[in-house]
Amino acid sequence: MQKVLYITESTFDFSQVDSASTLIDKYKENLPPGVYHTSLGDLPVDQIIQLSYQFDSVKFESQGFDVSSTIYKESLTLYQYLIKQNTTGLQHIQTFTTHPDIHTRLDQPMLWVFGCSHSHGTGLRDNELSYGQWLSQFLNLPLKLITKPGSSLSWSHRHLFNSCIQKHDTVIWQLTTPGRVSQFNGAHVEEIVLNSSKDRKLVDSLTNEQLYFNQLTLLNTGTRFLKLIGCKFVLTSISEFGSTYDCVSEYVKYPEYCSNYGLHLDFGTDQLHAGPLSHQAIAHRILNHVQ
């Protein structure tokens with residue numbers, strides 16, 4: 001049986017609602033399961049707040065109140081506060097993140113790398129290091145590699161906002177082309193590469209202007225979030241952007257942006273992504289920017 005607390009008007013006969021309910025007019029610990037009621041006339045605000053932590057749910061009984069009175073407004077405000085504080089039994093809030101490592105960390109400064117396949121190390125052999133792994137060694141920081149091949153900036157943006165980044169961490173946020181988008185299919189989020197999508201309705205609805213707007217919105221909010229945390233961070237892009245979705249002119253306005261153009265020295269095993277020499281060169285370029 002659960003414990004339920006009602007916030008009521010002090011003179012209202014609550015037995016009309018639940019004859020088995022117990023009035024609480026003195027603060028008590030370790031209450032047994034059951035229905036209880038109290039009011040601002042029975043307990044001070046701080047004691048009601050402390051009391052509420054014992055309960056599975058808090059409810060409000062409006063009968064007996066003069067809705068134009070101050071006590072009604074104060075009681076309702078208290079109730080609204082309590083239900084926001086009491087998270088017991090609430091459903092999980094969907095953050096649309098899939099990478100489990102965003103929720104854990106060590107109790108020391110860390111290096112976070114967010115991005116797509118270019119940051120993931122796609123095309124590298126098992127004994128070859130990605131630029132994030134090189135940076136982890138150079139900076140002597142444990143690495144959190146939050147990446148997903150084929151992912152959009154929206155994907156990394158969601159994971160960035162829901163991660164446990166702290167002030168003394170260093171963050172590398174790899175920017176991807178605007179032509180990648182996240183789409184909710186009713187069950188989960190899919191990462192879509194527009195130039196290979198067969199969904200003509202989606203492709204036709206997302207104009208270059210809209211993609212450009214989406215990209216810059218994510219960029220602006222993400223950088224503001226990182227600045228509010230107070231951590232070191234670098235914005236970077238690994239692949240060469242074509243003229244169709246060119247946001248580079250906007251990226252370079254940020255002092256945190258680090259360009260890696262000209263550092264594609266070799267290719268990985270798939271002949272598409274950067275090879276080991278390129279990753280090492282990119283790591284050195286970013287390292288100089290961080291320091």
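Only this structure's heavy atoms are used, side chains among them; waters, hydrogens and symmetry mates stay out.
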T8 side-chain N/O to S39 backbone N/O, donor-acceptor pair under 3.5 Å: no
Find the distance between CG (L145) and NE2 (H99) and round it off to the nearest 0.5 Å. 6.5 Å
Donor-acceptor pair, side chain of Q291 and main chain of N288, under 3.5 angstrom: no
Tracing side-chain links under 4.5 Å among I, L, V, M, F, W and Y, which residues wind up in one group with L23? none
Before accepting this row, confirm whether a basic side-chain N of the pair E190/R180 lies closer than 4.0 Å to the acidic partner's carboxylate O. no
Within the side chain of T176, is there an N or O that forms a donor-acceptor pair under 3.5 Å with the backbone of L153? yes
Going by the angle between their ring planes, with limits at 30° and 60°, are F14 and F12 parallel, tilted or perpendicular? perpendicular
Between atom CH2 of W134 and atom CD1 of I286, what is the distance when rounded to the nearest 0.5 Å? 14.0 Å
Closer than 3.5 angstrom, by distance alone: can the side chain of K144 be matched with the main-chain N or O of T104 as a donor-acceptor pair? yes
Heavy-atom count check: over 12 atoms from other residues, nucleotides or ligands less than 6.0 Å from N127 CG? yes
Would you check if the side chain of Q54 reaches a backbone N or O of N30 as a donor-acceptor pair within less than 3.5 Å? yes
Of all the heavy-atom pairs spanning L111 and S136, show the shortest one and how long it is. CD2-N, 3.6 Å
To the nearest 0.5 Å, what is the distance between OG (S259) and CD1 (I282)? 10.0 Å
Within a 6.0 Å radius of atom CG on D46, are there more than 12 heavy atoms belonging to other residues, nucleotides or ligands? yes
Do D199 and S197 meet the criterion of a side-chain donor-acceptor pair at a distance under 3.5 Å? no
Flag for T38-Y6: side-chain donor and acceptor within less than 3.5 Å: no
For the residue pair H120 and S130, confirm or rule out a side-chain donor-acceptor distance under 3.5 Å. no
Please check if any side-chain donor atom of Q174 sits under 3.5 Å from a side-chain acceptor atom of S119, or the reverse. yes
Would you say E61's side chain and Q63's backbone share a donor-acceptor pair under 3.5 angstrom? yes
For R105 and S163, which I'm curious about, is there any donor-acceptor pair between the side chains at under 3.5 Å? no
Exam field: side chain S117 to backbone T122, donor-acceptor pair closer than 3.5 Å: no
Rounded to the nearest 0.5 Å, the CG atom of L218 sits from the CG atom of L160 at a distance of 10.5 Å
Of L124, D266, L263, the residue whose pairing with S278 passes side chain to side chain contact (heavy atoms under 4.5 Å, CB included): D266
Should the pair F65 and Y72 be assigned to parallel (<30°), tilted (30 to 60°) or perpendicular (>60°) ring geometry? perpendicular
Quick check: does any side chain N or O of H159 sit under 3.5 Å from a backbone N or O of W155, one acting as donor and the other as acceptor? yes
Gap between atom CZ of F233 and atom NZ of K227 - 0.5 Å precision: 5.5 Å
Any donor-acceptor pair under 3.5 Å linking the side-chain atoms of Q50 with those of S52? no
CD1/I238 to CG/N260 distance, rounded to the nearest 0.5 angstrom? 4.5 Å
Between the main-chain N or O of I165 and the side-chain N or O of D169, is there a donor-acceptor pair closer than 3.5 Å? no
Under 6.0 Å from the OH atom of Y254, do we count more than 12 heavy atoms belonging to anything else shown? yes
Establish, from distance only, whether the side-chain atoms of Q210 and N214 form a donor-acceptor pair under 3.5 Å. yes
Do E250 and Y257 have a side chain donor and acceptor closer than 3.5 Å? no
K3 side chain to L31 main-chain N or O, any donor-acceptor pair under 3.5 Å? yes
